[in-house]
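Taking it in order: structure first as structure tokens, then the write-up.
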There are 2 protein chains.
Amino acid sequence: MNIKDAAEKSGLPPKTIRYYEDIGLVTPDRAANGYRDFDVAHLHKLTFLAQARGLGFSIEDCRNLLALWEDQDRASGDVRAIAKQHLAEIENKIAGLQAMRETLADLVHCCAGDDRPDCPIIDRLQGKAQ
Amino acid sequence: MNIKDAAEKSGLPPKTIRYYEDIGLVTPDRAANGYRDFDVAHLHKLTFLAQARGLGFSIEDCRNLLALWEDQDRASGDVRAIAKQHLAEIENKIAGLQAMRETLADLVHCCAGDDRPDCPIIDRLQGKAQ
DNA sequence: CCTTGACCTTCCCGTTACTGGAACCTCTAT
DNA sequence: ATAGAGGTTCCAGTAACGGGAAGGTCAAGG
């Protein structure tokens with residue numbers, strides 16, 4: 001199957017698929033005309049990648065997860081470790097963003113948002129005491 | 001004052017300050033020896049930038065916020081609009097991350113994490129039904 | 001006066017995970 | 001023969017810096 005079909009079936013853009021081949025995540029065959037030729041196994045792999053990326057795993061995590069996926073003798077503990085680590089990073093990010101959100105919501109709430117120049121948001125960025 | 005002092009007082013790394021000069025956010029004077037020379041106004045600006053970046057505003061947002069800050073005739077509505085937009089983006093990000101977190105927490109919870117290969121995390125990435 | 005070490009400078013490359021675009025080739029249908 | 005839709009490679013750009021090299025400058029100590 002050509003790249004466009006693989007893209008539609010996996011949910012990944014063709015550009016992304018080419019990129020994944022570039023960095024060695026998939027290695028589709030090549031037809032006589034030089035076109036990439038994807039079979040079901042490749043498609044399966046691409047779908048796996050789409051899922052993992054969708055859950056926010058980095059490319060390097062994906063590479064490791066793929067290896068574990070293909071290793072029938074894997075220890076589920078290895079998979080879990082990657083996921084757990086990633087989960088922790090996500091939770092950190094969330095915490096950081098929530099702190100920002102609270103401050104911002106506060107500021108937006110306090111600011112009149114009219115034609116006058118007085119602005120608690122500016123004051124805050126300036127470091128002025130609330 | 002030299003860049004290191006400016007860095008310490010503003011909380012920004014020297015590299016970042018140079019970068020900000022590069023992209024036109026600050027324009028410190030130059031001493032005879034070619035060293036950057038920061039005065040209080042520059043420092044104030046750098047602190048402003050540190051605050052804004054700390055709240056997650058993009059460099060472009062910072063550029064606009066700086067302009068508004070320096071415009072005594074600004075409308076606080078303009079500032080508020082930028083902050084509100086940014087707040088919305090942050091809330092979107094949080095929502096996305098929370099969805100990931102829930103799925104991941106679920107999977108991590110379900111996975112035995114032992115030496116056996118059976119792994120609900122892999123199953124999920126594979127697209128296998130729960 | 002010389003040296004050492006801490007600064008400073010510019011410049012270029014690498015990061016993440018792609019995306020856009022140019023230049024060019026191939027296939028199918030009319 | 002040609003048009004249009006697909007394919008290919010390669011190059012550049014994104015955000016916001018950080019690392020590191022090569023080299024200039026300054027203050028203190030011997």
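These numbers come from the heavy atoms of this one structure, side chains and all, not from hydrogens, waters or symmetry mates. Residue numbering restarts at 1 for every chain, and letters A, B, ... go by the order of the sequence lines. Everything numeric here is computed off the predicted structure, so don't read it as measured data.
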Atom [atom1] of [X] to atom [atom2] of [N]: distance rounded to whole Å?
X	N	atom1	atom2	result
A:Ile17	D:dT9	CD1	C1'	17 Å
A:Glu8	D:dG6	CD	C1'	12 Å
A:Arg18	C:dT19	CZ	P	12 Å
B:Ile3	C:dT10	CD1	C1'	12 Å

Item to complete: Would you mind listing every salt bridge (charged side-chain N to carboxylate O under 4.0 Å, His left out) that reaches into residues 46-56 of chain B, with sequence neighbours excluded?
Response: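 Sorted pair list comes back empty.
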Fill in: Shortest non-hydrogen contact from B:Ile90 toward A:Leu97
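Where B:Ile90 meets A:Leu97 most closely, the heavy atoms are CG2-O, 3.7 Å.
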Practice prompt. Taking side-chain contact (heavy atoms from CB on, under 4.5 Å) as the test, write out the residues that go with A:Asp78, two or more places apart.
Written response: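 Here the qualifying residues are A:Leu68, A:Ala75.
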Discussion item. Would you compute the distance between atom CG of A:Leu49 and atom CD1 of A:Ile59 and round it to the nearest 0.5 angstrom?
Written reply: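 The CD1 atom of A:Ile59 is 7.0 Å from CG of A:Leu49, to the nearest 0.5 Å.
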Practice prompt. Establish whether A:Ile17 and A:Tyr35 are linked, either directly or via other cluster members, by ILVMFWY side-chain heavy-atom contacts under 4.5 Å.
Written response: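 Hydrophobic grouping puts A:Ile17 apart from A:Tyr35.
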Worksheet item: Can we say B:Arg18 and B:Glu21 salt-bridge, meaning some charged N sits less than 4.0 Å from an Asp/Glu carboxylate O?
Response: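 No salt bridge links B:Arg18 with B:Glu21.
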Worksheet item: What does nucleotides 10-22 of chain D look like as a protein-contact string, B for base, S for sugar-phosphate only, - for none, at under 4.0 angstrom between heavy atoms?
Response: B-----BBSBB--
Fill in: Residues in contact with DNA chain C, drawn from residues 22-41 of chain B - heavy-atom cutoff 4.0 Å
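Only B:Arg30, B:Gly34, B:Tyr35, B:Arg36 qualify.
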Worksheet entry | Check against side chain to side chain contact (heavy atoms under 4.5 Å, CB included), A:Asn64 and A:Phe57 | CA-CA 10 Å; A:Asn64 295 323; A:Phe57 286 102; over 6 Å; no
Worksheet item: Who passes ring pair (Phe, Tyr, Trp, His ring centres under 6.0 Å) against B:His42, sequence neighbours left out?
Response: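 Partners of B:His42 under the ring pair (Phe, Tyr, Trp, His ring centres under 6.0 Å) test: none.
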Practice prompt. Enter the inter-axis angle for the ends of the helix from C:dC1-D:dG30 to C:dT30-D:dA1 (five pairs per end, rounded to 10°).
Written response: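 The end-segment axes of the helix from C:dC1-D:dG30 to C:dT30-D:dA1 are tilted 30° relative to each other.
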Fill in: Among B:Leu107, B:Leu125, B:Ile121, side chain to side chain contact (heavy atoms under 4.5 Å, CB included) partner for A:Val79
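One option only clears the test, and that one is B:Ile121.
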Worksheet item: Just checking, any donor-acceptor pair under 3.5 angstrom between side chains of A:Gln85 and A:Glu89?
Response: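 Looking only at side-chain atoms, A:Glu89 and A:Gln85 do form a donor-acceptor pair, the distance falling under 3.5 Å.
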